[in-house]
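Below is one structure, written out as structure tokens; comments come after it.
Every chain is numbered from 1, with letters handed out A, B, ... down the list of sequences.
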Amino acid sequence: MATERYNPRTSEPKWQKAWAEKKLFEARNDDPKPKYYVLEMFPYPSGKIHIGHTRNYTMGDVVARYKRAKGFNVLHPMGWDAFGMPAENAAMQNRVHPKDWTYENIAVMREQLKMMGLSLDWAREFATCDVDYYHRQQMLFLDFVEKGLVTRKSSKVNWDPEDMTVLANEQVIDGRGWRSGALVEQRELTQWFFKITDFAQDLLDSLNLLEEWPEKVKLMQHNWIGRSEGLLIRWPLAKPVGDAHELEVYTTRPDTIFGASFMAVAADHPLARKAAEENVELAKFIEEVRHMGTSVAALETAEKKGFDTGIRVVHPFDETWTLPVYVANFVLMEYGTGAIFGCPSGDQRDLDFANKYGLPVIPVVMPEDGDAKTFQVIEEAYVDDGVMINSRFLDGMKPEKAFNEVAKLLEAKTIGGRPMAERKVNFRLRDWGISRQRYWGCPIPMIHCEACGVVPVPKADLPVKLPDDIEFDRPGNPLDRHPTWRHVKCPQCGRDARRETDTMDTFVDSSWYFARFTAPWANEPTEPKAADEWLAVDQYIGGIEHAILHLLYSRFFTRAMRETGHLNLAEPFKGLFTQGMVVHETYRVGGPSNNGRWLSPSEVRLEDVGGKRLAFEIATGEEATIGALEKMSKSKKNTVSPEEITDGYGADTARWFMLSDSPPERDVEWTDDGAAGAHRFVQRIWRLVQIAAESLPGVKPAAAKDGDAGAVSKAAHKILKAVGEDIEKLGFNRAIARIYELANALASPLNDVAEGKADAALKGACREAVEILVHIIAPVMPHLAEECWEALGGTEMVAERPWPVYDPALVVDNEIVLPVQVNGKKRGDLTIARDADQGAVEKAVLALDFVQKALEGKAPRKVIIVPQRIVNVVA
RNA sequence: GCGGACGUGGCGGAAUUGGUAGACGCAAGGGACUUAAAAUCCCUCGAUCUCUGAUCGUACGGGUUCGAUUCCCGUCGUCCGCACCA
């Protein structure tokens, strides 16, 4: 018998070519079948495909192939998130143009993806740096401007004085720029913003509608939007400061108003600035606060500091009670009104501040069983629920009632013609600043004219193209220094004017690409009909690191595109799945300390010495320390490239291994043993199919009901059902376990067939089971499935065949094995007809030897029968 | 600090609504085939014991239940997100 090994190196390219020639994966917008849109987060073309990408795309591909076989019109596109800093860094370091660098990377990575055998619709491919794409993005921008969804305002940003660019908060490490190492300054810059806060409430409320999103992601977005209900209180100033007569404060705890002992304002608060004009020491303090880093580390270590401005406010409920106003370094101008009232007894930070500056501490809430006369707050603030004390007319109320009482009374009072308090909902969410002082991004299509102000580029003049002749010899934005590009005539008055040289944040590019895929050829940003038909994305798959930014921005963009008529829905992603990473052990010689040298897996030999796994450097023989499982990274050299695997075992093995064992939402450890095991299974399937092909030629597949043949058919149909259900739930590891079971179940019957010991029924059942096996491995191992199907004499390709249908009669057994417990412990089994009624089951159970023995002749106290599940006899 | 998730063999992990704990894979050990190796096939594989059987066992301690990996309370541990948010 020929037992030729399956050779992925020749088979895989052959089938990839065959699929492409038949255009099997190109979705048509006019296909009448029900639609299914599956999408994986598109990659940044950094140079090479990472193994983590391939796990992500394989998951999407399994879903795409399965849904296609189930009769859906599947859209499964791919593109490139191609603008961004790394291209400019490469340009500065290697004197290569960002455009060339990016498109070369795309070419390499496209080939890598094709080698994975992904069923992608390459006809719809685009890169966000294609002029075609960013042209439409500029159209969207102008539409957003027209609808009032864009604003230009001044805000505080992290400014790197060496690279001369704005940095995101994440790019500021210990107060220094992550690239330059220069001390980051806080600068006030005028920037373009998308008004995402206009949608804050809707973005929050709609989270509840996203039933197929992980709770974790919804919770993260919920916290990020950060809604709070409070009261805006206007405190009268004891004496006017300039033309200011009041201090506006936002609080969520107006109930504690009688515990107030000071006011604190941000360093940038107008009142602080005003007071600093006549106070040199205060001005110095404000300057110091401004230069304080905004990084997490800086904030954690920063001491709570304040400076008394000398200004005093009057308590809203007591004209004789005045409170000092401090400038404090922990009050943020960006949140609320940039001013707070401090209630030391109810807030730990306020208490620390009060203790430091000798301010009064008045407890206003105590536990319900406390004693108002003796209850004190000294070192620890009381933040729990309870009952009001020392609060005059609020005493005895619950804080919630006191809140409403204070609100009611202050709403009725007036100050400067306005109510003294207003109920206000506040959000933590900030508007989205999209200006970047970069070259490699989408130009913002606006023009600055001295006479007309800021003027949009007329749509007819779009696209505003990036100039190709550009110098990267200096840091900063090269567009700003370009000799001609920025000079333009004002579209309104025709005089000399200046282009906006900032480009858009690259998160803008990825906020609508999923909509563009529905009609990437359209002249408008979308074809609304196509967008509405394809969207929402039925299954979106990507990393958890995008839980907030990308996913929130996309939700905003979809709403903004609805307002501007480009599509008609609010939520872009119906189902969201966040997959885990691919991790690998690390190896290091020279000790685990920082001066050790990292080794890549290919430089290491692993040995089992006395039951202990040890690693040795191949070149030197030196023992290496085996380190923790970590995300694959270049710095730790624990990477495995997709080529290493496809060159050796082939794409199917890599796909199979990455989805087996670990649940998809969890990290998977890449091990050589695991990959070898997956490849063994590839060969095992191939052997099974070869046996079937040789010994069952022309045999008609037929399910059997009884005997050995029936057992084969039942196993095949049960597993067929289970695999389909598992894929629907993205339980790839469970689906794979079921497929192993089917292969195990087929081994012995197929041997009987090969040895000529099988009757017609068993032959038919085996033939059918093998055909089912080939179809259910196809989503994960598509090339192997095609090769197997061809060997079995199939004429069309598996990729164009429907998913097999299981026979419901075969997935239930006529006889079932019921576990029998005595007093909750399993003592044996009862085999009985599936449809036996409760009386018959009870009778049969009580007749069992071990039950009789346990009962010792007495009647059972109770017999619990859970139909089709279990029997428990209580003695 | 606030919020959330999780904790099952040597390892990755299974286990409908509370109903046989450990499916499936990896590793390990033993055997068959072979001159030998690879490949393949078969067997064992949670712990303990008085071993054809029994007891214990899903981080730990309690509770609810005929029955708990699953539900409740507490403790410990790990991971993640947010964080001067007023």
Side-chain angles (χ1 to χ4, degrees), chain A residues 3 5 214-224 226-228 230-231 249-254 256 264 266 292 294 296 298-300 302-304 328-332 334-343 346-350 352-353 383 426-429 544-545 547-548 608 611 613 629 656-657 660-663 666-669 671-678 680-681 683-684 687 725 731 733-744 747-748 751 817-829 860-875:
Chain A
T3 49
R5 283 172 71 80
E215 286 303 320
K216 182 189 169 74
V217 173
K218 287 194 276 186
L219 186 71
M220 279 164 72
Q221 293 214 355
H222 188 274
N223 292 339
W224 186 266
R227 183 183 198 272
S228 68
L231 206 60
V249 159
Y250 177 73
T251 179
T252 55
R253 295 293 305 273
T256 65
M292 202 177 61
T294 50
V296 173
L299 294 176
E300 262 177 6
E303 200 187 342
K304 309 283 171 275
N329 63 354
F330 59 83
V331 180
L332 306 173
E334 291 78 33
Y335 189 80
T337 61
I340 62 163
F341 79 76
C343 173
D347 181 291
Q348 190 60 43
R349 192 193 47 208
D350 292 349
D352 294 344
F353 192 83
V383 296
N426 220 341
F427 292 96
R428 189 185 160 280
L429 183 69
I544 186 78
E545 67 272 20
I548 292 167
D608 198 314
R613 282 180 75 242
L629 291 173
W656 184 262
F657 173 63
S660 58
D661 293 351
S662 288
R666 258 186 252 181
D667 292 349
V668 64
E669 184 195 356
T671 63
D672 287 346
D673 283 335
R680 273 202 299 276
F681 187 65
Q683 298 296 352
R684 202 164 136 224
R687 280 196 305 277
E725 288 167 356
N733 57 321
R734 291 194 301 270
I736 282 174
R738 299 288 88 81
I739 293 173
Y740 272 114
E741 277 178 26
L742 181 54
N744 291 345
S748 156
N751 264 337
V817 178
L818 277 181
V820 178
Q821 295 181 332
V822 178
N823 293 333
K825 279 186 182 155
K826 193 198 165 192
R827 295 295 162 182
D829 296 312
R861 283 172 49 202
K862 212 183 207 180
V863 178
I864 294 151
I865 299 168
V866 184
Q868 314 296 323
R869 288 237 148 253
I870 202 165
V871 181
N872 190 11
V873 180
V874 184

Sugar-phosphate only, base, or nothing, as touched by R861(A) at under 4.0 Å among non-hydrogen atoms = nothing

So what's U40(B) paired with, Watson-Crick or G-U wobble, going by both distances under 3.5 Å?
-> A32(B)

Among C85(B), G13(B), C80(B), find the nucleotide with the atom closest to the side chain of P663(A).
-> G13(B)

Considering Watson-Crick and G-U wobble pairs with both distances under 3.5 Å, what does C51(B) pair with?
-> none

Would you say A27(B) has OP1 or OP2 under 4.0 Å from some side-chain N or O of R680(A)?
-> yes

Can a side chain N or O of R428(A) be found less than 4.0 Å away from OP1 or OP2 on A83(B)?
-> yes

Phosphate oxygens OP1/OP2 of G67(B): is one of them under 4.0 Å from a side-chain N or O of N823(A)?
-> no

Could you check which nucleotide pairs with C11(B) in any of the strands shown, counting Watson-Crick or G-U wobble with both distances under 3.5 Å?
-> G25(B)

Counting side-chain heavy atoms from CB outward, which of A15(B), C66(B), U40(B) is closest to R687(A)?
-> U40(B)

With a 4.0 Å cut-off on heavy atoms, is D347(A) in touch with a base, just the backbone sugar-phosphate, or nothing at all?
-> nothing

Any side-chain N or O of K825(A) less than 4.0 Å from the OP1 or OP2 oxygen of U20(B)?
-> no

Considering only G13(B), A54(B), A86(B), which nucleotide approaches the side chain of R349(A) most closely?
-> A86(B)

Base, sugar-phosphate alone, or nothing: which one does R227(A) contact when heavy atoms must sit under 4.0 Å apart?
-> nothing

In the structure shown, which nucleotide is the Watson-Crick or G-U wobble counterpart of G3(B), with both distances under 3.5 Å?
-> C80(B)

Which is true for Q821(A) with a 4.0 Å heavy-atom rule: it touches a base, it touches only sugar-phosphate, or it touches nothing?
-> base

When we call it a touch if two heavy atoms are under 4.0 Å apart, what does L219(A) touch: a base, just sugar-phosphate, or nothing?
-> sugar-phosphate

Does N744(A) place a side-chain N or O at less than 4.0 Å from the phosphate oxygens OP1/OP2 of G25(B)?
-> yes

Under 4.0 Å: is that the gap between some side-chain N or O of R666(A) and OP1 or OP2 of G13(B)?
-> yes

